[in-house]
Amino acid sequence: MASKGEKERAANIARHKEMLMKLGLDKPTFEPKEKRHRPAASSKKRKSTNEDSTEPPRKAARAESSPTENEPESTDTSIRRSSRIRRQKTEMEEKKLLVLNDQNDSEPRQTGKRIHDPKVFGSIPGIDVGAWWETREACSNDAIHAPWVGGISGGKGGAYSVALSGGYEDDVDLGYAFTYTGSGGRDLKGTKNNPKNLRTAPQSSDQTFEDRTNKALQRSSETKKPVRVIRGFKLKSKYAPSEGYRYDGLYTIEKAWMEKGLNPEGYLVCKFAFKRLPNQPPLPVRDTDPTEETD
DNA sequence: GGGCCCGCAGGG
DNA sequence: CCCTGCGGGCCC
């Protein structure tokens, strides 16, 4: 039984997908399987319980795979995380990172301890494509995507980074390309009679390119400057990590436009088409595609 | 699962 | 100081 909203969603998805396909004539084919960071352990109990000395390294995991999409062969199924090859500078930076993150004693956590500026275009030194964090906060500390909640980080020169976390139901993710929705047009404060203090909320008005972050994305579509992209576990895509957040490298914005959003009232949203830059490690895929309703 | 509430970073 | 925002914890 396809409700009206579901039909619109399907139509939007089909339209977005078709557009992305045209961007993907040179799409890569090699897609390794995702490596889980948290196999099955319930993971949901981290407070200040000081024990667990056998904790997974909650720091910015170095990239887990290495082959570039150009040379998939090499059959290196035993990819250890030995990506720390020579290169002393990175070595130094990594040590600093370790120090900064190794306050696992009892310190709640100290923010504002970045060693790199997130407000730059392109990659961040020492953070490889494929890096993984459990939380947005940790990702922010590594300067890949600064906002703890917001999906878009950008300035007047364009966007620095975006987070794909499934916030908009008609966005399409093909891995090498995806569509993305802008910010704004939501009632985060609720109404006068029913005041809220929310971080996300349903659409309640048109989005606009006057919005600072939307404008940054639009700018990037003109300048073609690279944008860092992270995918989160809430994203409905086979390219989404099963848990946490993963840095998936650099994309350019190929197109910016406005269209009717999925909301019942048909408020306008800003849409953007991203395309992944070549010569980056391939995107891992998970075994189960969250898009296929498996439940 | 949903609802609510909250801190925080970032920008004006 | 104010506001926003594709989190996250907690409660039910």
Side-chain angles (χ1 to χ4, degrees), chain A residues 9 16 38 42-49 58 107-114 116-120 132-173 178-191 193-217 219 227-237 239-241 243-248 251 261-263 269-272 274 290 293-295:
Chain A
R9 175 166 178 264
H16 296 156
R38 304 261 176 143
S42 65
S43 90
K44 253 209 168 173
K45 51 140 18 89
R46 51 130 36 189
K47 323 177 89 159
S48 46
T49 60
R58 54 148 71 341
E107 292 300 329
R109 120 129 272 109
Q110 293 185 210
T111 59
K113 293 284 188 177
R114 293 202 187 104
H116 290 109
D117 182 5
K119 292 187 286 187
V120 297
W132 181 89
W133 307 267
E134 183 174 9
T135 64
R136 286 279 298 268
E137 177 188 358
C139 175
S140 176
N141 288 337
D142 277 346
I144 289 292
H145 185 66
W148 284 29
V149 177
I152 305 163
S153 173
K156 290 192 173 168
Y160 308 121
S161 57
V162 300
L164 278 70
S165 208
Y168 292 82
E169 290 292 325
D170 62 346
D171 278 329
V172 172
D173 183 16
F178 61 87
T179 58
Y180 195 80
T181 307
S183 292
R186 306 195 195 208
D187 276 337
L188 300 177
K189 294 196 291 286
T191 64
N193 294 337
N194 190 18
K196 308 276 187 193
N197 183 14
L198 302 171
R199 299 297 173 268
T200 63
Q203 205 75 28
S204 59
S205 61
D206 290 344
Q207 290 186 1
T208 162
F209 284 115
E210 298 309 303
D211 177 278
R212 199 185 58 81
T213 56
N214 295 341
K215 185 175 290 185
L217 293 172
R219 182 100 180 94
V227 181
R228 294 185 300 275
V229 169
I230 64 170
R231 283 184 171 82
F233 67 99
K234 285 189 255 180
L235 178 66
K236 298 249 186 325
S237 159
Y239 301 100
E243 297 177 276
Y245 299 86
R246 186 186 64 220
Y247 174 47
D248 281 341
Y251 288 69
L262 264 193
N263 52 83
V269 293
C270 299
K271 287 282 184 182
F272 306 89
F274 284 64
E293 62 284 64
T294 317
D295 46 338

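Not measured: the values here are computed from a predicted model. Quick note on labels: first sequence line is chain A, next is B, and so on, each numbered from 1.
Straight-line distance from the CH2 atom of Trp133(A) to the C1' atom of dG7(C): 16 Å, rounded to whole Å. In this entry the distance linking CH2 of Trp148(A) with P of dC6(B) reads 17 Å, nearest Å. In this structure, the CD atom of Glu137(A) is 14 Å from the C1' atom of dC6(B), given to the nearest Å. For the pair Arg136(A) CZ and dC6(C) C1', the computed distance is 7 Å after rounding to whole Å. Rounding to whole angstrom units, CG of residue Leu198(A) and C1' of dC5(B) are separated by 9 Å. The separation between Leu188(A) atom CG and dC6(B) atom P is 15 Å, rounded to whole Å. One interatomic measurement links the two molecules: CZ of Arg186(A) to C1' of dG7(C), which rounds to 13 Å at whole-angstrom precision. For the pair Asp170(A) CG and dC6(C) C1', the interatomic distance rounds to 13 Å; values are reported in whole Å.
You'll find that the side chain of Asn197(A) is closest to dC6(B), out of dC6(C), dC6(B), dG7(C). Checking dC6(C), dG7(C), dG5(C) against the side-chain heavy atoms of Tyr245(A) singles out dG7(C) as nearest. Listed candidates were dG7(C), dA9(B), dG8(C). Nearest to the side chain of Val149(A) is dG7(C).
Regarding contacts with the backbone of dC5(B), every side-chain N or O of Lys196(A) stays at 4.0 angstrom or more from both OP1 and OP2. At the phosphate of dG7(C), OP1 or OP2 sits under 4.0 Å from a side-chain N or O atom of Ser165(A).
The closest side-chain donor-acceptor pair between Ser183(A) and Asp211(A), if any, does not fall under 3.5 angstrom.
Remark: Ile144(A) CD1 to Ser153(A) OG distance equals 11.0 Å, nearest 0.5 Å.
In this structure, the side chain of Glu137(A) does not engage the main chain of Cys139(A) through any donor-acceptor pair within 3.5 Å.
Within 4.0 Å (heavy atoms only), Thr213(A) reaches no atom of the nucleic acid at all. Backbone-only engagement by Gly151(A) is indicated by non-hydrogen atom pairs under 4.0 Å involving sugar-phosphate atoms exclusively. Leu235(A) comes within 4.0 angstrom of nothing in the nucleic acid, heavy atoms only. At the heavy-atom level, Gly184(A) lies under 4.0 Å from the strands shown only through sugar-phosphate atoms.
The six-membered or imidazole ring of Tyr239(A) lies away from that of Phe178(A), with a centre-to-centre distance of 6.0 Å or more.
Between Val162(A) and Phe272(A), every side-chain heavy-atom pair lies at or beyond the 4.5 Å cut-off. Side-chain atoms of Arg136(A) and Ile230(A), non-hydrogen and from C-beta on, do get closer than 4.5 Å to each other. The side-chain heavy atoms of Ser165(A) and Tyr245(A), taken from C-beta on, include a pair separated by under 4.5 Å.
Between dC8(B) and dC10(C), the distance separating the two P atoms is 15 Å to the nearest Å. Going from the P atom of dG10(B) to that of dG8(C) covers 16 Å, rounded to whole Å.
We find that Lys236(A) and Asp173(A) are not joined by a salt bridge, their nearest charged nitrogen and carboxylate oxygen being 4.0 Å or further apart.
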Under 3.5 Å, which protein N or O atoms sit close to an N or O of nucleotides 10-12 of chain B? Give each pair with its distance.
{"unit_1": "dG10(B)", "atom_1": "OP1", "unit_2": "Arg114(A)", "atom_2": "NH1", "d": "2.8"}
{"unit_1": "dG10(B)", "atom_1": "OP1", "unit_2": "Arg114(A)", "atom_2": "NH2", "d": "2.7"}
{"unit_1": "dG11(B)", "atom_1": "OP2", "unit_2": "Lys119(A)", "atom_2": "NZ", "d": "3.3"}

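Across all strands shown, nothing is found opposite dC6(C) as a Watson-Crick or G-U wobble partner with both distances under 3.5 Å.
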